[in-house]
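This one's a predicted model, so the numbers in the text were calculated from it and none came from an experiment.
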Amino acid sequence: MRKWLTGSIFLYFIYGLFMYWYLFVFSGSGVPAPYAGTSADPATFMSGRELLLSQEYSTIKNFLYFVTVPFEWFLFFVLLITGISRKMQEWSDATTRFFSLQSAIYFFLLSVFVTVLSFPVEWLGYRISKAYNITTQSFPAWMKDQVIDFWVNYALMTVIVIVLYWLIKRFEKKWWLYAWLLSIPFSMFLMFVQPVVIDPLYNDFYPLKNKELEEKILAMASEAEIPAEHVYEVNMSEKTNALNAYVTGIGSNSRIVLWDTTLNRLSDDEILFIMAHEMGHYVMKHIYIGIAGYLLASLVGLFFIHLLMRLMIKHFGTLLKIRSIKELTAFPLFLILIGVLTFTSSPIANTVARYQEKSADMYAIEMTNNHEAAVSSFQELSRAGLSDVNPPTLVKLFRYTHPTMLERIVYLEEHGEKE
């Protein structure tokens, strides 16, 4: 056990050194020479201080992301090889004879363990965002959100754990297929209730106060044949200086939402372009394409997890203190495999997402025919969030679900020149 633990720490350290070298030393900053001085060059729309801060903040946040992704896997690995996961199961088994309660107790212990050990990393991320004036939240307010996160995730995941292990015990060879089938209505239910049940736990939502702007947005929605009666704003200025707008939910619970920071910092024309972008997603049915893609990926993912768990328990069961896939103590291995598969497949998912985002951008520019507002909105988004307009390749592949700001501004400018 000591050899494996030492080896994993060493590999994690080497990985961290590589990411530090890649982000802080190897990767250059700025834009390619052909775009210097253009509207895509942050030097043309950011002050010298903003430019410096954006480069620092983006690099630090990217480094923190890449080193924390495997950190949770490492924690789960430690839980397994030290036998802590097995002790948790033995304690939960001794507490009650009801499997659902055993599962709830086990997952509570697991959640507390991971949350406590991950807290310093979460706090560091908060302090960095606070130092660069992206986060405006006080520490008590931030802690309140952390507590809400814990209980919401615990409630949802406990249901998943209970159902998942009931299926594994009942259908050991086909559990992955039945789990996938049950995930379809569960995912749809979550998407339906999220805007009206989960999101309001974190923020206050209310109808857009600017009725003149709401009329313009609803007129655009009507033109695009989108059934919308209200536009909502949310008080995100209590938490951040970043800007955003989105469409969430499905069916009768779908909502068009604007952050109040967006309303405060962008002009009406810029907001209308952003809203047209979100409407483009609806018109091109990206949400349903996304659901279909997620379901296909989850089916393949669950099948591979089934095969990998059986293989790893067969060859490394003694090391991991796991005797059978049916044991709750094997759940950290399940979470490790989900994390690894999700991370390694993210470049593919992100590529598809970036294509959809570009399509929505082009839809928005065709609808609004206002290139100046489109470009200035992206410039302001970059300035407000201290975003890197031209991130390193690995960052783009693994983190960017949208085209880079450089790419977005360039193709909008090219589209304008063609007209």
Side-chain angles (χ1 to χ4, degrees), residues 45 129-130 133-138 140-142 144-145 148-149 152 191-283 286-287 357 360-361 363-365 367-387 402:
F45 59 86
S129 293
K130 187 80 170 177
N133 203 33
I134 300 299
T135 295
T136 59
Q137 248 183 328
S138 66
W142 179 78
K144 177 184 175 183
D145 280 354
I148 293 173
D149 269 344
V152 169
M191 292 183 67
F192 184 77
V193 302
Q194 179 177 334
V196 294
V197 177
I198 299 176
D199 289 348
L201 295 174
Y202 298 89
N203 297 99
D204 295 326
F205 292 79
Y206 35 84
L208 185 61
K209 296 174 184 176
N210 187 337
K211 296 304 176 184
E212 182 179 348
L213 177 60
E214 183 179 45
E215 287 180 9
K216 294 178 182 178
I217 295 173
L218 292 178
M220 289 175 57
S222 177
E223 181 182 343
E225 298 182 351
I226 298 174
E229 297 181 358
H230 298 287
V231 179
Y232 291 86
E233 62 179 282
V234 55
N235 61 331
M236 287 301 296
S237 57
E238 296 180 355
K239 299 183 178 183
T240 182
N241 282 319
L243 313 181
N244 198 13
Y246 59 91
V247 176
T248 186
I250 57 174
S252 60
N253 278 2
S254 60
R255 285 183 171 183
I256 300 173
V257 180
L258 276 163
W259 287 11
D260 61 347
T261 51
T262 304
L263 292 165
N264 295 335
R265 294 190 61 160
L266 297 187
S267 68
D268 283 5
D269 285 343
E270 291 168 337
I271 291 172
L272 290 175
F273 171 78
I274 291 175
M275 286 291 93
H277 169 97
E278 298 301 332
M279 292 174 191
H281 286 305
Y282 181 93
V283 170
H286 287 166
I287 186 171
E357 293 297 334
D361 281 344
Y363 176 90
I365 202 63
M367 172 174 270
T368 62
N369 195 30
N370 191 335
H371 293 83
E372 183 179 342
V375 170
S376 61
S377 66
F378 286 147
Q379 291 175 336
E380 188 60 31
L381 283 168
S382 299
R383 187 185 298 115
L386 295 179
S387 302
H402 291 62

Asks: What distance do M191 atom CE and I287 atom CD1 have between them, rounded to the nearest 0.5 Å?
Replies: 3.5 Å
Asks: Can you tell me how far CG of L213 sits from CG of L272, rounded to the nearest 0.5 angstrom?
Replies: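 Between L272 CG and L213 CG, I get 6.0 Å after rounding to 0.5 Å.
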Asks: Can you tell me if D260 uses its side chain to pair, donor with acceptor, with the backbone of S237 under 3.5 Å?
Replies: yes
Asks: If every non-hydrogen atom of M367 is compared with every non-hydrogen atom of A276, which pair is closest and at what distance?
Replies: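 Result for this residue pair: SD-CB, 3.8 Å.
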Asks: Should K216 and D268 count as side-chain neighbours, where that means a heavy-atom distance under 4.5 Å?
Replies: yes
Asks: Evaluate M275 against L258 for side chain to side chain contact (heavy atoms under 4.5 Å, CB included), listing each step before the verdict.
Replies: CA-CA 9 Å; M275 286 291 93; L258 276 163; 3.7 Å; yes
Asks: Would you call K209 and L263 a side-chain contact if the rule is heavy atoms closer than 4.5 Å?
Replies: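 K209 vs L263: side chains apart.
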Asks: Return the minimal non-hydrogen interatomic distance between S376 and E270, and the atom names on each side.
Replies: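 Reported closest heavy-atom pair: OG-OE2, 2.5 Å.
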Asks: Does any N or O in the side chain of T135 come within less than 3.5 Å of the main-chain N or O of T240, such that one atom is a donor and the other an acceptor?
Replies: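 No, because the side chain of T135 does not come within donor-acceptor range (under 3.5 Å) of the backbone of T240.
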Asks: Only counting residues at least two apart or in another chain, list the ones meeting salt bridge (charged side-chain N to carboxylate O under 4.0 Å, His left out) with R383.
Replies: E50, E380
Asks: CD1/I217 to NZ/K211 distance, rounded to the nearest 0.5 angstrom?
Replies: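 Answer rounded to 0.5 Å: 11.0 Å.
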Asks: Could you give the distance from OG (S387) to CD (Q379), rounded to the nearest 0.5 Å?
Replies: 12.5 Å
Asks: Measuring from N203:CG to W259:CH2, what's the distance to the nearest 0.5 Å?
Replies: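 Atom-to-atom, N203:CG and W259:CH2 are 8.5 Å apart.
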Asks: Locate the shortest heavy-atom distance separating N241 from R265; write the atom from each residue and the value.
Replies: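 Here N241 and R265 meet closest at O-NH1, 4.0 Å.
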Asks: For the ring pair F45 and F378, is the centre-to-centre distance below 6.0 Å?
Replies: no
Asks: In the structure I gave you, are the side-chain heavy atoms of T368 and M220 within less than 4.5 Å of one another anywhere?
Replies: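 Touching, per the 4.5 Å side-chain cut-off.
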Asks: So, K239 side chain and Y202 main chain: donor-acceptor pair closer than 3.5 Å or not?
Replies: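 Present.
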Asks: Give the minimum heavy-atom separation between D204 and N235, together with the two atoms involved.
Replies: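 Smallest heavy-atom distance, with atoms named: N-OD1, 3.0 Å.
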Asks: What's the separation between atom CD1 in I274 and atom CG in L381, rounded to the nearest 0.5 Å?
Replies: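 Answer rounded to 0.5 Å: 5.0 Å.
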Asks: Look at the side chain of E278 and the backbone N and O of I256, then say whether any donor-acceptor pair between them is shorter than 3.5 Å.
Replies: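 Absent.
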Asks: Locate the shortest heavy-atom distance separating P200 from F205; write the atom from each residue and the value.
Replies: N-CE1, 4.0 Å
Asks: So, using side chain to side chain donor-acceptor pair (under 3.5 Å) as the criterion, who are the partners of E357 when residues are at least two apart?
Replies: H277, H281, H402
Asks: For residues Y363 and G280, report the shortest heavy-atom separation together with the two atoms involved.
Replies: CD2-CA, 3.3 Å
